[in-house]
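These notes are about the structure you will find just below.
The first residue in the sequence is number 1, and the count goes up from there.
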Amino acid sequence: MKNEEYKKLSIAEFTKAAGRYESNHAGIYEMCKKDYPDILAELEKEPFRELLDAGCDQ
C-alpha cells in the first residue's frame, strides 16, 4: 500500500470514529469526555509550544 493510500484509510477511520464520538452512544468515549475540562485546565498551567499526541487506539 502506498503512503497516499494509508493516509486516505487513516482519514476514513478517524472520520468513522468521530461519528461515534459525537453521537449519544459514544461508549468508552463518553467516559473520557467528562475528563477533558480537567485535563485542559492542567495543560493551560504549562508553558509549552508543542504537544505530542500519544495516539488513540480503537
Side-chain angles (χ1 to χ4, degrees):
M1 192 177 291
K2 296 180 181 178
N3 285 343
E4 195 60 32
E5 292 171 313
Y6 279 118
K7 183 177 178 180
K8 287 179 182 178
L9 181 59
S10 180
I11 290 169
E13 288 300 313
F14 276 101
T15 299
K16 187 168 51 174
R20 285 191 303 271
Y21 180 85
E22 292 297 328
S23 76
N24 289 332
H25 305 287
I28 191 73
Y29 299 123
E30 196 63 40
M31 293 186 327
C32 299
K33 285 182 184 181
K34 67 178 175 35
D35 295 327
Y36 290 168
D38 294 332
I39 293 168
L40 290 174
E42 288 300 314
L43 287 173
E44 288 172 349
K45 294 177 184 178
E46 300 295 326
F48 62 88
R49 293 178 28 186
E50 296 177 351
L51 176 68
L52 172 64
D53 180 351
C56 63
D57 189 15
Q58 296 182 22

Show me the side-chain donor-acceptor pairs of residues 2-11 shorter than 3.5 Å, one per line, residues at least two apart or across chains.
{"unit_1": "Glu5", "atom_1": "OE1", "unit_2": "Lys2", "atom_2": "N", "d": "2.6"}

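In this structure, CG on Leu43 lies 11.0 Å from CG on Asp38, to the nearest 0.5 angstrom.
The side chain to side chain donor-acceptor pair (under 3.5 Å) search around Glu42 returns Lys45, not counting sequence neighbours.
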